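Residue indices begin at 1 and follow the sequence shown. Values reported hereafter were calculated over all heavy atoms of this structure, with side chains retained and with hydrogens, waters and symmetry mates removed. Quantities reported herein were computed from a predicted structural model and do not represent experimental measurements.
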Amino acid sequence: ARQSGALHNPAAKPAPLHVQQLQQQQQQQQQRCTHVARVTPWGTQVDGQSLASQLFAASLFPYLAFLFYLTKSGKAPRLTLGGFYFLLVFVGATIPAGIYAKTHYGTSLANVDWLHGSAESLLTVTNLMIVLGLRQAIREAEAKNAAAAAAAAAEGEQLGTPSSNGTGAKAEAG
């Protein structure tokens with residue numbers, strides 16, 4: 001009770017100079033380190049938005065490597081490859097939209113519906129391109145396999161051998 005009264009008493013003595021300097025140093029350090037994870041003996045205190053933006057930036061390099069090797073392989077369907085590249089458009093649009101949301105509305109992009117919806121529509125286009133490209137590739141592969149099976153069956157009939165029973169195994173005669 002005496003200490004709380006001393007805090008509100010204007011006649012109370014100010015804290016010693018070294019205590020004031022220590023408090024100022026701590027405040028300055030806290031102001032400088034607001035975006036850095038602080039480590040405590042019991043764990044880490046991480047600002048969620050700071051961590052998310054750092055992970056977002058760090059994930060760009062592995063993704064670019066993925067695009068490089070996927071393009072270099074030449075095995076990805078063109079529409080699917082285009083979808084993976086279009087994801088960069090989504091990323092490129094999301095960054096300025098997030099900045100705009102923070103500066104004009106004072107909140108994150110996820111809380112500004114019209115901006116968030118617009119950005120997410122680009123992600124929807126990306127997903128559609130990837131899926132439609134893969135679907136087209138699957139259909140082409142199935143048609144190629146069906147044509148090869150039909151050609152093998154026709155060749156087998158011409159040679160007088162039993163035809164395939166549809167399972168890939170030869171039908172037994174007799």
Side-chain angles (χ1 to χ4, degrees), residues 1 3-8 10 14-15 17-146:
Q3 288 179 341
S4 63
L7 292 176
H8 298 292
L17 184 59
H18 69 280
V19 173
Q20 289 177 353
Q21 289 174 341
L22 181 61
Q23 289 172 345
Q24 287 176 346
Q25 287 175 350
Q26 287 175 342
Q27 287 175 349
Q28 289 172 352
Q29 185 178 9
Q30 286 175 349
Q31 290 172 353
R32 283 191 303 244
C33 297
T34 56
H35 66 283
V36 178
R38 286 177 229 111
V39 178
T40 64
W42 312 113
T44 58
Q45 296 174 356
V46 178
D47 179 282
Q49 289 180 343
S50 172
L51 179 63
S53 65
Q54 291 171 2
L55 287 174
F56 184 74
S59 69
L60 185 60
F61 297 109
Y63 189 73
L64 291 174
F66 162 75
L67 286 178
F68 173 76
Y69 287 110
L70 187 64
T71 304
K72 188 177 177 180
S73 75
K75 295 183 180 181
R78 289 182 58 83
L79 187 58
T80 298
L81 186 62
F84 283 122
Y85 274 98
F86 195 76
L87 186 62
L88 295 174
V89 173
F90 163 74
V91 170
T94 302
I95 293 169
I99 293 169
Y100 183 82
K102 195 66 158 174
T103 57
H104 284 63
Y105 295 102
T107 187
S108 68
L109 176 62
N111 296 328
V112 182
D113 287 340
W114 71 273
L115 272 175
H116 189 242
S118 300
E120 290 295 322
S121 68
L122 295 174
L123 188 58
T124 301
V125 171
T126 296
N127 291 336
L128 283 172
M129 290 174 71
I130 292 169
V131 168
L132 292 175
L134 291 173
R135 178 177 159 214
Q136 179 183 0
I138 289 170
R139 287 186 174 178
E140 288 173 1
E142 286 175 343
K144 182 179 174 183
N145 289 342

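Each of N111, T94, L109 was scored for a side chain to side chain contact (heavy atoms under 4.5 Å, CB included) with H116, with one residue passing: L109.
In this structure, OG1 in T126 is found 10.0 Å from CZ in F84, a value given to the nearest 0.5 Å. Rounded to the nearest 0.5 Å, atoms CG (L134) and OG1 (T80) are 3.5 Å apart. One distance of note links OG of S59 with CD of Q54; it measures 12.0 Å at 0.5 Å rounding. Atoms CG and CD, on L123 and E120 in that order, are 5.5 Å from each other to the nearest 0.5 Å. To the nearest 0.5 Å, atom CD1 of residue I99 and atom CG of residue L115 are 12.0 Å apart.
A parallel orientation is assigned to the rings of H104 and Y100, their planes being inclined by less than 30° (bins at 30° and 60°).
Contact detail for S118 and S121: the closest heavy-atom pair is O-OG, 2.5 Å. P77 and A137 make their closest contact through CG-CB, 3.4 Å (heavy atoms, listed as atom of the first residue, atom of the second, distance). The minimum heavy-atom distance linking A93 with P96 is given by the pair O-CD, 3.5 Å. Of all heavy-atom pairs spanning F86 and L122, the tightest one is CE2-O, 3.6 Å.
Side-chain contact between L132 and R135 is present, with heavy atoms from C-beta onward closer than 4.5 Å. Two residues are said to be in side-chain contact when any heavy atoms from C-beta on lie closer than 4.5 Å; L67 and L88 meet this criterion. Under the 4.5 Å side-chain criterion, counting only non-hydrogen atoms from C-beta, Y63 is not in contact with V91.
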